[in-house]
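Below: one structure, written as structure tokens.
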Amino acid sequence: MDRFREDFDERSGEILAYLDLLKFIEYAGAELISSDDKEHKFSITAQSRKTLKGAVYILLYNLIESTMREAICLIHETIYDRNVEFDKLRKNIRSEILKRLKNESVNIESLVNRLTKGISCGISYGTFNKKKIFSGNIDREEIKEKSKIYGFSTYSDYTHTKHGEKLATVKQHRNDLSHGNVSFAEIGKNVSYQDLENISLEVIAYLDAIANNIEPVSYTHLRAHET
């Protein structure tokens, strides 16, 4: 859990630091002057400002995907560490594991090598592939679907998180950027620094709430009678 939290805090801090840079540039005037050489100047154009603002969506989506991926990894690691047998897991996660066995290419030799605690305990961990949890389309609806499988709460304080409604916007802009449908400047031209700060703080607060809900000591997915 400590590693999961440290990674979340580090990535969140990167975004907040980047926002500080954007705020500085927003009010820096037309150029930046080197502290070492007063003759060395860098022009800050409207285009460069828009490009820098557009990049915020990539940073935010990186945070969303890494946080949720590591959260699901943490759940599987906890199941394995606690020697929870397959038939003791909640129904939805048992179904998810069997779907992986049926629909995904599971390397049998690799699976067998990971069943050091027996097949009943190790099958959830042995069939798990962190690279296939999400496919570049995470928003709050996807997180809700995962919560139904793994049994964690998606409760958050609406005042600070808006219940993750901005995740859909972040996902859409990230996909448009990664597929080359739009440029960074196009994404950034119609959004203010204040808008980006508000979106970022809401997304971080929402993910923080989800992270707080995923506590190893109280996993409901360990109870077979839960559905």
Side-chain angles (χ1 to χ4, degrees), residues 1-28 32 34-35 42 44-75 77 130-140 142-143 146 152 154 156-157 159-215:
M1 189 66 180
D2 289 343
R3 176 174 53 81
F4 169 59
R5 262 294 168 185
E6 287 172 4
D7 186 63
F8 174 74
D9 290 342
E10 181 177 344
R11 290 175 189 261
S12 299
E14 289 174 357
I15 293 171
L16 296 176
Y18 188 80
L19 288 171
D20 285 342
L21 173 62
L22 283 184
K23 186 175 183 179
F24 175 80
I25 291 176
E26 190 84 355
Y27 303 105
L32 296 176
S34 171
S35 60
F42 180 83
I44 305 174
T45 65
Q47 191 76 355
S48 62
R49 282 190 172 93
K50 289 184 286 189
T51 300
L52 289 169
K53 287 192 289 185
V56 172
Y57 293 105
I58 296 293
L59 292 171
L60 284 173
Y61 189 82
N62 178 277
L63 175 68
I64 294 167
E65 183 156 324
S66 67
T67 300
M68 294 313 304
R69 182 186 64 242
E70 294 307 315
I72 303 302
C73 286
L74 182 62
I75 291 173
E77 289 170 0
K130 65 188 296 183
K131 295 180 180 179
K132 294 185 177 182
I133 307 173
F134 302 105
S135 58
N137 288 293
I138 307 177
D139 54 20
R140 68 174 177 180
E142 178 70 11
I143 292 174
K146 286 294 186 284
F152 59 84
T154 58
S156 67
D157 181 353
T159 303
H160 301 292
T161 70
K162 301 298 184 291
H163 293 335
E165 63 183 27
K166 291 298 192 300
L167 269 68
T169 300
V170 173
K171 179 191 75 172
Q172 185 60 55
H173 287 330
R174 177 266 184 187
N175 287 344
D176 284 340
L177 287 166
S178 64
H179 295 140
N181 297 329
V182 295
S183 69
F184 284 85
E186 287 177 280
I187 290 289
K189 69 180 180 181
N190 294 321
V191 63
S192 69
Y193 166 80
Q194 193 59 58
D195 290 335
L196 288 172
E197 183 180 50
N198 292 340
I199 291 170
S200 298
L201 292 177
E202 285 177 16
V203 168
I204 290 172
Y206 178 74
L207 293 173
D208 183 60
I210 299 298
N212 286 335
N213 294 340
I214 300 177
E215 291 291 343

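As the structure is a prediction and not an experimental result, all values here were calculated from the model.
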Using side-chain heavy atoms (C-beta onward) and a distance below 4.5 Å, is [X] in contact with [Y]?
{"X": "Glu14", "Y": "Tyr18", "answer": "no"}
{"X": "Glu6", "Y": "Glu10", "answer": "no"}
{"X": "Val56", "Y": "Val191", "answer": "no"}
{"X": "Phe152", "Y": "Ile75", "answer": "yes"}
{"X": "Phe8", "Y": "Glu70", "answer": "no"}
{"X": "Arg140", "Y": "Thr154", "answer": "no"}
{"X": "Val203", "Y": "Ile15", "answer": "no"}

With rounding to the nearest 0.5 angstrom, report the [atom1] to [atom2] distance, [X] to [Y].
{"X": "Glu77", "Y": "Phe4", "atom1": "CD", "atom2": "CZ", "result": "11.0 Å"}
{"X": "Asp20", "Y": "Ile25", "atom1": "CG", "atom2": "CD1", "result": "11.5 Å"}
{"X": "Glu186", "Y": "Leu177", "atom1": "CD", "atom2": "CG", "result": "9.0 Å"}
{"X": "Lys166", "Y": "Ile204", "atom1": "NZ", "atom2": "CD1", "result": "14.0 Å"}
{"X": "Lys50", "Y": "Ser183", "atom1": "NZ", "atom2": "OG", "result": "8.5 Å"}
{"X": "Glu65", "Y": "Leu60", "atom1": "CD", "atom2": "CG", "result": "13.5 Å"}

Indicate the atoms forming the closest heavy-atom contact of [X] with [Y], along with that distance.
{"X": "Ile187", "Y": "Gly54", "answer": "CG2-CA, 4.1 Å"}
{"X": "Ala185", "Y": "Thr51", "answer": "CB-OG1, 3.6 Å"}
{"X": "Ala71", "Y": "Ile214", "answer": "CB-CD1, 3.5 Å"}

Polar side chain donor-acceptor pair, Arg5 to Asn212, under 3.5 angstrom: yes
Check whether the side chains of Asn198 and Glu202 place a donor and an acceptor atom closer than 3.5 Å, and report yes or no. no
Could you walk me through whether Asn137 and Glu142 pass the side-chain contact (heavy atoms from CB on, under 4.5 Å) test, one step at a time? CA-CA 8 Å; Asn137 288 293; Glu142 178 70 11; over 6 Å; no
Under a 4.0 Å N-O cut-off, is there an ion pair linking Asp7 with Arg3? no
side-chain contact (heavy atoms from CB on, under 4.5 Å), that's the test. Do Asp139 and Thr169 meet it? Break it down for me. CA-CA 9 Å; Asp139 54 20; Thr169 300; over 6 Å; no
Main chain of [Y], side chain of [X]: is a donor-acceptor contact present, judged purely on distance under 3.5 Å?
{"X": "Tyr206", "Y": "Glu165", "result": "no"}
{"X": "Ser48", "Y": "Ile44", "result": "no"}
{"X": "Tyr61", "Y": "Gln172", "result": "no"}

Going by side-chain contact (heavy atoms from CB on, under 4.5 Å), Leu22 matches just one of Lys53, Glu197, Arg49. Which one? Lys53
Taking Arg11 as the fixed residue, which of Leu207, Leu63, Ile64, Thr67 is the one that meets the side-chain contact (heavy atoms from CB on, under 4.5 Å) rule? Leu63
Show every ring pair (Phe, Tyr, Trp, His ring centres under 6.0 Å) that has at least one partner inside residues 163-194, sequence neighbours left out. Tyr57-His173, Tyr158-His163
